[in-house]
Amino acid sequence: MDFKENEKKWQARWDEARIFETDPDKRKKFFTSLIIPYVNGNAHIGHSFTFTRSDVYARFKRMNGYNSLLTQGFHATGEPILGVVERLRQSDQSQIATLKLYGATDEDIENFKKDPKYVANYWMKKIVGSMKEMGYSIDWRRRFVTAIDPCFNSFIEWQYNKLKEKGYVVQGTHPVVWCSHDQSPTGDHDRLKGEGEGTIEYTIIKFSFEDEDGHKFIFPCATLRPETIYGVTNIWLKPETEYILAIVNNETWVISKDALDKLNDQLFEVSELGFVQSEEFFGKRAKNPSTEEEVPILPGNFVEMGTGTGVVMSVPGHAPFDWVGIKTLLKNKELSEKYKIDSNIVKPISVISLEGYGEFPAVEMVESMKADSKEKLEKITAELYKKEFHQGVLNNNCKTYAGQKVSEVKDHLIERFRNIGRATSIWETTGLVVCRCNNKCHVKILENQWFLNYSNDRWKNDVKRHLEIMRLYPEDIRGQFLNTIDWLKDKACARKSGLGTKLPWDKDWIVETLSDSTIYMAYYTISKTINDNNIIADKLNDEVFDFIFLSKGDLKQISKNCGLDESLLKEMKENFEYFYPMDFRNSGKDLVQHHLIFFIYHHVAIFPEKYWPRSIAVNGYVNVAGEKMSKSKGNIIPLSELIEKHGADLVRLNISTSAEGMDDADWRDENTNPLKSRLMYLNDLVDKIERMESNKTNVDNWLELQMHKIIKETTTAYEETKFRSAINASLFNAVNDMKWYMRRSITPNKTLVKEFLENIIKLIAPITPHYSEEVWNKLGHKTFVSIDKWPQYKDAIILKGDHLDKDELFVKKTLEDIEHVKKLAKRQKPSKIILFVAKSDKFADKKDKHHQIRLFEEAHLFLKKEYGCDIEVLDSDIITSHNEPLYQNKATTSKPEKLGVIVF
RNA sequence: GCGGAGGUAGCCAAGUCUGGUCAAAGGCGCUAGGCUUAGGACCUAGUUGGUUAGUCCAUUCGGCGGUUCAAAUCCGCCCUUCCGCACCA
């Protein structure tokens, strides 16, 4: 069979017969879709896994009598497409290489530079092409592209108006990594350095200071460990450095230049007064707001002006850098005399007790590890901070907090100091972040940002409650869902750039990307009507959507208002009410944390409960020959290339049986071989059927039993989306059983073999649809197997079939025994084989013995054919002392579960 | 750090919920033989070590310890790999 030829043939026939165009009818419906792929490149091997799984499930349901709707849309919302265009305009070679890998020509690339929509449409067509080649059973009349299709944008506007009505879209403030040059948040992909870095809040402890003239200043010490406040011995400023004096919320602060910019972006009222050299303050004293004690201000070379405020409090007992700073200073006679300090004045103060350490863990660690380099100090600092946070307890120097665990008291302490105006906070990136434009980023707190109020208790609880009744495949993933829902916070939902829908009430903003992939499934139910009738976006106002999706309003009136025919409105409403809710959604496991959760959230928020989604399936990633896919490895194989090489059925079969559950799939070309050879075996068997006769044989019952077991096992596996198990049963086990049957039965039974084949062909049809159509046709059927009836099994046959299995197992075991003996006796071509059935007294039931004798007498021809020699079955009871010793020995050692064997 | 999923013979991978029938399915690879004979495929057997006319013994399922007549499977501790943690799709 030429797979590719065959696939083209059947795809054309399906098209012609429109068997996948799905409209409401009397049957029960089943609604699913493939994941909505991003149209900035071609479909590749990674997509094929989730695509195929969805199609297989839709086909499985279709054969099980459902009116199965499989739909497909495309995703163009957000930055990526604009990014592609931008990079092409800058002649980015790696971008060009990627696009070429996906099959774009130089001419295409020139066109891409002109228009993002061209890019989207170009790749959409390519992907559609691959999907058709893969034989996905999609109702193509319903396709659309997000952000490009104006009608879809109207739908998103409706979504947001609904969410806002419910109070689920709110305004708030939020810290983001910010590039002040670009004036925008700097996401991971926009960074030269600092991928994965986030934001972290430093506490600022305000130390007060008064100079000789009575001017009051604040030294705002930025720290991650405000709980060590009681252990402060001094303040560090960087020597020989200009600090800035600035009015910050009506106080005069001494801070770094960087800090000024940061505070400016973090909702402080800031105005610059002037410069001051750090030397001006050294030796003078500032007041600790917790102890009211005065501590000296001293030079510390290690102070980093770019971090925090550039002003640091020193806790030498618990901070390695501080202890080294103190040591360095005391060693320097000139400075210590100048600033009048000695080892008493800056003596470490113990504030945290930590098991396994003495009073001053930082001192101990520095000394024992001889830490001197910055790297070493950073390492032990991180280690010590972690230990003290998790295991440390504040000691008696900490007044009211004495005896409390650091991990438990930290937040209270910060809260109290803030409340009495002695602390505030400054946000910092968790590591150095440099924007594409080469500017160093800091944290900005965005105001009046629009948020989806995912932390809303009512909303959250609705989601959790619904999750309880949803089916999840595999069930293991539930914990991941629950946990994510628990910590889900509000999510910024409007941005300034990218393709997408404008926020309906604030046109300066564009709705963020993920909201385009939350309830778009509802749009599939109406997109056919929109596409067929060229409905324009203006007519699809909120009133129309309310009518279709929420049954609100009067048909006549709405029709009049929007200018759409009543019949069209009714058609959309009927389609929606028939196909909704979505029954099954399959995605990669990486989408659980956002897409899939938001999918539930938005449905729960907007639609009546009966339209909330029914199930979610999740699968792993796709590796190629054991390695992760990556552009750098160049192992991202476009789907079209795979199909060209193997044909769609083998790609479908290989990928969908490569893994199940949350395991990652692994594409290996060579794995197609065993799959192909089994398909060919079945195909070849069809040709042999004609020469068979319809005589019952003694192993027919056994094969029939296997058939029912295979149907049952396969069906159950499909239900659970365990396609690997399904194929294991319906292809591997089935072929093995069939091979055994063909070997075992001297004259295979035509009727049974045909029935068996027909069932197997159907069982694998969701995964290898083209192949199955062809073989089905060859078996003499004029119908499409894709829409034929799923095989049924009979539990009754399975339940009473145990003894058949036992018998066959016994024959197989005896075959192995004979082989074994042959080898040991070194008789490659035996002239005669004698089998001994055990003596009567060893059988609990005499009937079993007779059954055994009959079994092997029936198998006589088979055994004779196997070994090409005479086979004799002997009853051990008839062996007497007159027989040869070997005979006597076998007669006595034979057991009911093991025949005695002599090979001549 | 928080959370999720894993670690099984050369590789991939079932089995773990519901302990025994597990020296542990299946596939790949490898070895021997067959078939054809120089194409791959296909068929049979083997693939922890020892031992044997088909038996039996020892050791094995990340590590250590425990429960049990019995553990890959249950319990505890430890080691280790992968994944997600948001304004990025």
Side-chain angles (χ1 to χ4, degrees), chain A residues 38 40 75 77-81 83 174-177 184-191 195-196 198-199 382 385-386 389-390 407 446 449-452 454 474-484 486-496 498 512-514 516-517 588-595 597-598 620-621 623 625-626 628 657-664 666 668 670-671 673-678 680-681 684 724-725 727-729 731-733 736 739 743 813-828 866 886 889-890 893 898-903:
Chain A
Y38 218 95
N40 61 345
H75 199 32
T77 314
E79 303 275 6
I81 289 178
H174 187 69
V176 294
V177 176
S184 78
T186 311
D188 262 356
H189 60 295
D190 295 322
R191 299 176 187 176
E195 201 173 325
T199 57
Y385 280 22
K386 203 191 281 182
F389 178 76
H390 288 104
S407 55
L446 286 180
Q449 167 76 288
W450 290 100
F451 286 89
L452 283 164
Y454 288 148
E475 191 51 42
D476 307 358
I477 197 77
R478 192 174 294 274
Q480 183 101 252
F481 271 88
L482 281 170
N483 235 286
T484 308
D486 269 337
W487 71 247
L488 203 63
K489 303 182 203 70
D490 290 357
K491 180 180 187 336
C493 65
R495 0 182 343 117
K496 292 286 185 183
E512 65 83 41
T513 332
L514 292 184
D516 274 15
S517 50
K589 64 184 173 188
D590 51 326
L591 299 191
V592 171
Q593 287 78 0
H594 23 76
H595 276 88
I597 298 232
F598 302 164
Y621 306 108
N623 296 328
K628 269 189 190 175
T657 62
S658 156
E660 63 189 24
M662 276 174 349
D663 293 340
D664 293 345
D666 189 15
R668 288 170 195 262
E670 64 270 25
N671 285 356
N673 291 335
L675 296 165
K676 188 174 177 179
S677 91
R678 265 118 191 127
M680 293 330 289
Y681 174 83
D684 295 346
R724 183 196 189 107
S725 303
I727 284 300
N728 212 13
L731 195 58
F732 284 88
N733 293 349
N736 285 347
K739 282 182 178 174
R743 185 175 160 195
K813 185 82 179 61
T814 305
L815 234 58
E816 281 176 25
D817 286 346
I818 296 172
E819 279 306 323
H820 212 148
V821 177
K822 259 174 70 185
K823 214 170 248 179
L824 287 167
K826 301 198 174 68
R827 302 271 196 305
Q828 283 197 339
E866 285 289 309
L886 186 55
N889 176 20
K890 290 297 166 189
T893 53
K898 201 171 189 71
L899 296 186
V901 178
I902 298 178
V903 178

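Being a predicted model, the structure only gives us computed values, none of them experimental. Within every chain, numbering begins at 1; the chains are lettered A, B, ... in the order of the sequence lines, protein sequences first and strands thereafter.
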Problem - Rounded P spacing from B/U18 to B/U73 in Å - result: 14 Å
Exercise for review: Kindly indicate whether the side chain of A/Trp450, heavy atoms from C-beta on, has any atom under 4.5 Å from the side chain of A/Asp490.
Suggested key: no
message = Counting the atoms with a prime plus P, OP1 and OP2 as sugar-phosphate, which does A/Asp476 contact under 4.0 Å by heavy atoms, base, sugar-phosphate, or nothing?
response = sugar-phosphate
Span that lies between the C1' atom of B/A25 and that of B/C82, in whole angstrom:
26 Å
Taking side chain as C-beta onward, heavy atoms only, is A/Val176 less than 4.5 Å from A/Thr199? no
Taken to the nearest whole Å, NE2/A/His595 to P/B/C88 is 15 Å
- Message: Quick one: does any side-chain atom of A/Gln449 pair with a main-chain N or O of A/Ala492 as donor and acceptor, under 3.5 Å?
- Response: no
Among B/U55, B/C82, B/C85, the one nearest any side-chain atom of A/Asp817 is B/U55
Query raised in the report: What does A/Val901 touch in the nucleic acid at a heavy-atom separation under 4.0 angstrom: a base, only the sugar-phosphate, or nothing?
Result: base
- prompt: Got A/Asp664 and A/Lys628 here, is their nearest side-chain heavy-atom distance under 4.5 Å?
  reply: no
By the 4.0 Å heavy-atom rule, please label A/Val177 as base, sugar-phosphate, or nothing.
nothing
When every non-hydrogen atom of A/Tyr38 is compared with those of A/Gly78, the smallest separation belongs to OH-N, 3.7 Å
Legend entry - Pair of N/O donor and acceptor under 3.5 Å linking B/A89 base with A/His75 side chain: no
Between N or O atoms, less than 3.5 Å apart, protein on one side and nucleotides 43-51 of chain B on the other: list the pairs.
from	atom 1	to	atom 2	distance (Å)
B/C43	OP1	A/Lys739	NZ	2.2
B/A45	O2'	A/Lys823	NZ	2.8

Under a 3.5 Å limit on both distances, the Watson-Crick or wobble mate of B/G33 is B/C43
Tested for salt bridge (charged side-chain N to carboxylate O under 4.0 Å, His left out) against A/Asp817, the lone hit among A/Lys823, A/Lys898, A/Lys890 is A/Lys898
note: A/Gln593, atom CD; B/A86, atom P; distance rounded to Å ~ 11 Å
Side-chain contact check for A/Lys489: nearest option of B/C82, B/A86, B/C88 is B/A86
Taken to the nearest 0.5 Å, the spacing of A/Asp516 CG from A/Thr77 OG1 works out to 3.5 Å
Show each protein N/O and nucleotides 23-29 of chain B N/O combination with a separation under 3.5 Å, one pair to a line.
none

Separation of B/C56 atom P from A/Leu824 atom CG, nearest Å, is 14 Å
With no hydrogens and no angle check, is any side-chain donor or acceptor of A/Asn623 less than 3.5 Å from a backbone partner on A/Asp666?
no
Is the phosphate of B/C42 approached by A/Ser677 (side-chain N or O, under 4.0 Å from OP1 or OP2)? yes
*Which value, in whole Å, describes the distance between the C1' atoms of nucleotides B/G62 and B/C85?*
28 Å
Between CZ of A/Phe481 and P of B/C85 the distance, given in whole Å, is 15 Å
Worksheet entry | Whether A/Gln480 side chain and A/Val592 backbone form a donor-acceptor pair below 3.5 Å | no
Margin query: Categorize A/Leu452 for me: base, sugar-phosphate, or nothing, with a 4.0 angstrom heavy-atom threshold over every strand shown.
Written below: nothing
Of the candidates B/C87, B/A5, B/A89, the side chain of A/Met662 sits closest to B/A5
Q. What is the nucleic acid contact for A/Asn889, judged by heavy atoms within less than 4.0 Å: base, sugar-phosphate only, or nothing?
A. nothing
**Message:** Regarding A/Thr814, tell me which of base, sugar-phosphate or nothing describes its non-hydrogen contacts under 4.0 Å with the strands shown.
**Reply:** nothing
Exercise. Given the C1' atoms of B/U51 and B/U59, what is the spacing between them in whole Å?
Worked result: 15 Å
B/A5 versus B/G76 - spacing of their P atoms, nearest Å: 15 Å
Here the distance between atom P of B/A14 and atom CD1 of A/Ile727, to the nearest Å, is 16 Å
Testing B/C87, B/A89, B/C83 for proximity to the side chain of A/Leu514, the answer is B/A89
Q) Using atom C1' of each nucleotide, how far apart are B/A58 and B/G6 to the nearest Å? A) 31 Å
A/Ile818 CD1 to B/A53 C1', in whole Å, measures 13 Å
pair_partner(B/A14), Watson-Crick or wobble, both distances < 3.5 Å, evaluates to none
- Can you tell me how far P in B/A23 sits from the matching atom in B/U47, rounded to whole Å? 15 Å
Note to self: Could you tell me how far B/G65 sits from B/A14 if I compare only their C1' atoms? Round to whole Å.
What the structure shows: 28 Å
By nearest-heavy-atom nucleotide on RNA chain B, the more 5' of A/Glu660 and A/Phe598 is A/Glu660
Hits for salt bridge (charged side-chain N to carboxylate O under 4.0 Å, His left out) against A/Asp590, two or more places apart or cross-chain, chain-then-number order -> none
From CG of A/Leu591 across to C1' of B/C88 the rounded distance in Å is 12 Å
Discussion item. Considering every strand and a 4.0 Å limit on heavy-atom distances, what is the contact class for A/Tyr385: base, sugar-phosphate, or nothing?
Written reply: nothing
Pairing partner of B/C87, by Watson-Crick or G-U wobble and under 3.5 Å for both distances, is none
Pairing partner of B/U68, by Watson-Crick or G-U wobble and under 3.5 Å for both distances, is none
*Look at the aromatic rings of A/His174 and A/Phe451 and report parallel, tilted or perpendicular, splitting at 30° and 60°.*
perpendicular
Which of B/A86, B/C88, B/C87 is nearest the side chain of A/His174? It is B/C87
Pairing partner of B/U60, by Watson-Crick or G-U wobble and under 3.5 Å for both distances, is none
- Query: When you look at NZ of A/Lys491, are more than 12 heavy atoms from neighbouring residues, nucleotides or ligands closer to it than 6.0 Å?
  - Reply: yes
Residues A/Glu79 and A/Arg495: closest non-hydrogen pair is OE2-NH2, 2.5 Å
Checking all strands, does A/Gly900 fall into the base, sugar-phosphate, or nothing category for heavy-atom contacts under 4.0 angstrom? base
- Query: Is A/Thr513 near enough to B/A89 that one of its side-chain N or O atoms lies under 4.0 angstrom from OP1 or OP2?
  - Reply: yes
A/His594 atom NE2 is separated from B/G4 atom C1', nearest whole Å, by 14 Å
Winner on side-chain proximity to A/Gln480, out of B/C83, B/G4, B/A86, is B/G4
With the side chain defined as heavy atoms from C-beta on, A/Tyr621 is closest, among B/C83, B/A86, B/A53, to B/C83
